[in-house]
Amino acid sequence: MSLDAQTLIDWFADTARDLPWRKPECTAWGVLVSEIMLQQTPVARVEPIWHEWLERWPTPSAMAAASQGDVLRAWGKLGYPRRALRLHEAARAISNDHDDVVPDDVDTLLALPGIGAYTARAVAAFAYGQRCPVVDTNVRRVVARAVHGAGDAGPPSTTRDMNDVQVLLPEQDAAVFSAALMELGAVVCTARTPKCADCPVFDTCAWQHNGRPAYDGPVKVVQKFAGTDRQVRGLLLDVLRGTPDPVAKTRLDVVWSDAGQRDRCLDSLLVDGLVEQTATGLFALPGEH
DNA sequence: GATACGTGGCT
DNA sequence: TAGCCAAGTAT
């Protein structure tokens, strides 16, 4: 009952999107880059940037040789630019400590900056075919519905979520099964309007059998954006991405009227290493090599 | 466990 | 329109 692995694997073979990081010729580095970019970011926005990155920096050592500023500019407006900095750090660690080969075991991957419980297992599974639970927001939602019969997933709990998925993994083709689970959540078992008519596991779905109950867990807090430090940091960084040379603070002051918030955000960007101040007091993306 | 962290498309 | 949502991680 509930979620036959082979059914999902067959469905995936028939209908999976043709994403570049799923192609057989895609390297482990390509998979890692895709996983970092896809954190909290839709596929449509990632694809073009991913292609640029892999062409420009086809190996970890290639990216390790770039400056932080180059990496941040190439990241463009993907969002959460600290990801770019951490990926750059990871590239250097892989280049220096791992012979330019993306590690294939979860614990070693977890030790790299910007790689957490999800990404470490996604790389182990999708780049190296390992059998481990890969749990993202899509998988959590599919399991909540198809297995637990709930309207949506409750608050995440890494231990519990991974256990839930571990017991579903087939002995064979576990990595393909994980990709299929994610694909189902991304294109069929979606958050707002699930396309149950297209679902390959409709007949065994616990949510259907339960009469499609509404989500009854804790209220999910929606993150504000307008007016927050996140918006201001984004505006400041956008100025610096758009210019090759360091700029005077007056160039940054125009992006936000509240001087107190502006300065606080600029300071936090300096602390985060996303911005650097020159000896003459100008501001720029970090240029360290 | 809660919160901070970008950005833009969709309903 | 305002809010929801998108392959999370670090603290």
Side-chain angles (χ1 to χ4, degrees), chain A residues 12 16-17 19-22 30-50 72 75-87 89-90 109-127 133-143 152-162 165 175 178-187 189-194 215 217-241 255-256 261 264-265 268-269 271-274:
Chain A
F12 185 70
R17 291 168 295 174
L19 302 175
W21 43 84
R22 286 177 176 167
V31 172
L32 172 56
V33 172
S34 79
E35 292 302 341
I36 299 291
M37 288 184 170
L38 287 163
Q39 293 169 3
Q40 301 286 284
T41 310
V43 165
R45 300 231 312 275
V46 165
E47 260 201 272
I49 307 290
W50 182 89
L72 287 169
W75 191 260
K77 307 197 77 167
L78 269 189
Y80 293 142
R82 293 186 298 189
R83 289 183 293 167
L85 240 34
R86 292 182 181 132
L87 179 54
E89 284 181 64
L109 287 160
L110 281 171
L112 294 170
I115 297 186
Y118 163 75
T119 303
R121 289 170 181 80
V123 170
F126 303 146
V134 181
V135 185
D136 73 337
T137 187
N138 290 308
V139 171
R140 285 172 15 79
R141 185 173 54 250
V142 170
V143 170
D152 198 355
S157 160
T158 304
T159 306
R160 182 163 39 72
D161 295 341
M162 288 207 300
V165 173
S178 287
L181 219 42
M182 289 177 61
E183 183 80 350
L184 187 67
V187 306
C189 194
T190 54
R192 243 177 304 194
T193 314
Y215 172 71
V219 174
K220 305 187 178 192
V221 291
V222 290
Q223 297 238 11
K224 292 291 178 213
F225 178 66
T228 64
D229 286 3
R230 284 207 328 290
Q231 182 182 19
V232 178
R233 284 165 56 105
L235 292 170
L236 293 170
L237 225 39
D238 201 36
V239 172
L240 300 181
R241 273 195 302 264
V255 305
W256 198 252
Q261 186 177 19
R264 177 174 75 242
C265 289
S268 75
L269 288 169
V271 169
D272 287 349
L274 286 163

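Naming convention: chains lettered A, B, ... in sequence-line order (proteins, then strands); numbering from 1 in each chain. Everything numeric in this text was worked out from a predicted model, so none of it was measured. Only this structure's heavy atoms are used, side chains among them; waters, hydrogens and symmetry mates stay out.
Partner of A:Glu35 under the side-chain contact (heavy atoms from CB on, under 4.5 Å) criterion, out of A:Asp136, A:Val134, A:Thr119: A:Thr119 alone.
Residue A:Arg160 is out of contact with every strand shown, counting any heavy-atom pair closer than 4.0 Å. At a threshold of 4.0 angstrom between heavy atoms, the contacts of A:Val43 include nucleobase atoms, whether or not backbone atoms are also involved. Residue A:Gln223 is classed as a base contact, given a heavy-atom separation below 4.0 Å to a base. As judged by a 4.0 angstrom heavy-atom cut-off over every strand, A:Leu19 is placed among the base-contacting residues. If you check every strand for non-hydrogen atoms under 4.0 Å, A:Asp272 touches nothing. Using a 4.0 Å heavy-atom cutoff across all strands shown, A:Trp75 reaches no nucleic acid atom at all. Residue-level contact check: A:Arg45 touches the bases, meaning some heavy atom is under 4.0 Å from a base atom. Within 4.0 Å of A:Thr137, counting heavy atoms only, lie sugar-phosphate atoms of the nucleic acid but no base atom. Residue-level contact check: A:Arg121 touches neither bases nor backbone, having no heavy atom under 4.0 Å from any strand. At a threshold of 4.0 angstrom between heavy atoms, the contacts of A:Ala122 with the nucleic acid are absent.
Comparing the same atom, C1', in C:dT11 and in B:dG1 gives a spacing of 12 Å after rounding to whole Å. The separation of B:dG6 from C:dT1, taken at their P atoms, amounts to 26 Å, rounded to a whole angstrom. Taking atom P on both B:dT11 and C:dA7, the two are 15 Å apart, rounded to the nearest angstrom. C:dT9 sits 24 Å from B:dG9 when the C1' atoms are compared, rounded to a whole Å.
Put simply, A:Lys77 has no side-chain N or O that comes within less than 4.0 Å of OP1 or OP2 on B:dG6. Checking the phosphate oxygens (OP1, OP2) of C:dA2, no side-chain nitrogen or oxygen of A:Lys224 falls inside 4.0 Å. Between A:Arg83 and the phosphate of B:dT7, there is no side-chain N or O to OP1/OP2 separation shorter than 4.0 Å.
Rounded to whole angstrom, the span from the CG atom of A:Asp136 across to the P atom of C:dA6 amounts to 10 Å. One atom, CD of A:Glu47, and another, P of C:dA7, lie 15 Å apart when rounded to the nearest Å. A:Gln40 has its CD atom 13 Å from the C1' atom of C:dC4, to the nearest Å. What separates CD of A:Glu183 from P of C:dA7 is a distance of 11 Å, to the nearest Å. In this structure, A:Arg230 places its CZ atom 6 Å from C1' of B:dG6, rounding to the nearest Å. Remark: P of C:dA7 and CH2 of A:Trp50 are 19 Å apart, rounded to the nearest angstrom. Atom-to-atom, CG of A:Leu72 to P of B:dT7 comes out at 11 Å; the value is rounded to the nearest Å. Summarising the geometry, the separation between CD1 on A:Ile49 and C1' on C:dA7 is reported as 17 Å, rounded to the nearest angstrom.
Here the side chains of A:Val139 and A:Asp161 are not in contact, with every heavy-atom distance at 4.5 Å or above. Contact of the A:Trp21 side chain with the A:Glu47 side chain is registered, since non-hydrogen atoms from C-beta on lie closer than 4.5 Å.
Between the side chain of A:Thr41 and the base of B:dG6, at least one donor-acceptor pair of N or O atoms lies under 3.5 Å. One cannot find a donor-acceptor pair under 3.5 Å joining the base of C:dC5 and the side-chain atoms of A:Arg192.
Nearest heavy atom pair, residue A:Asp272 against residue A:Arg233, reads OD2-NH2, 2.8 Å.
Listed nucleotides: C:dC4, C:dA7, B:dT7. Nearest to the side chain of A:Asn138: C:dA7.
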Polar atom pairs (N or O), protein with nucleotides 9-11 of chain C, under 3.5 Å:
from   : atom 1 : to       : atom 2 : distance (Å)
C:dT9  : OP1    : A:Gly116 : N      : 2.8
C:dT9  : OP1    : A:Gly116 : O      : 3.4
C:dT9  : OP1    : A:Thr119 : N      : 3.0
C:dT9  : OP1    : A:Thr119 : OG1    : 2.8
C:dT9  : OP2    : A:Tyr118 : N      : 3.3
C:dA10 : OP1    : A:Gly114 : N      : 2.7

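Comparing A:Gly79 and A:Pro156 against DNA chain B, the residue whose closest nucleotide sits nearer the 5' end is A:Pro156. Two residues, A:Asp229 and A:Thr193, neighbour DNA chain B, and the one matched to the more 5' nucleotide by heavy-atom proximity is A:Asp229.
Counting only distance, with no hydrogens or angles, the side chain of A:Arg121 and the backbone of A:Val135 share no donor-acceptor pair below 3.5 Å.
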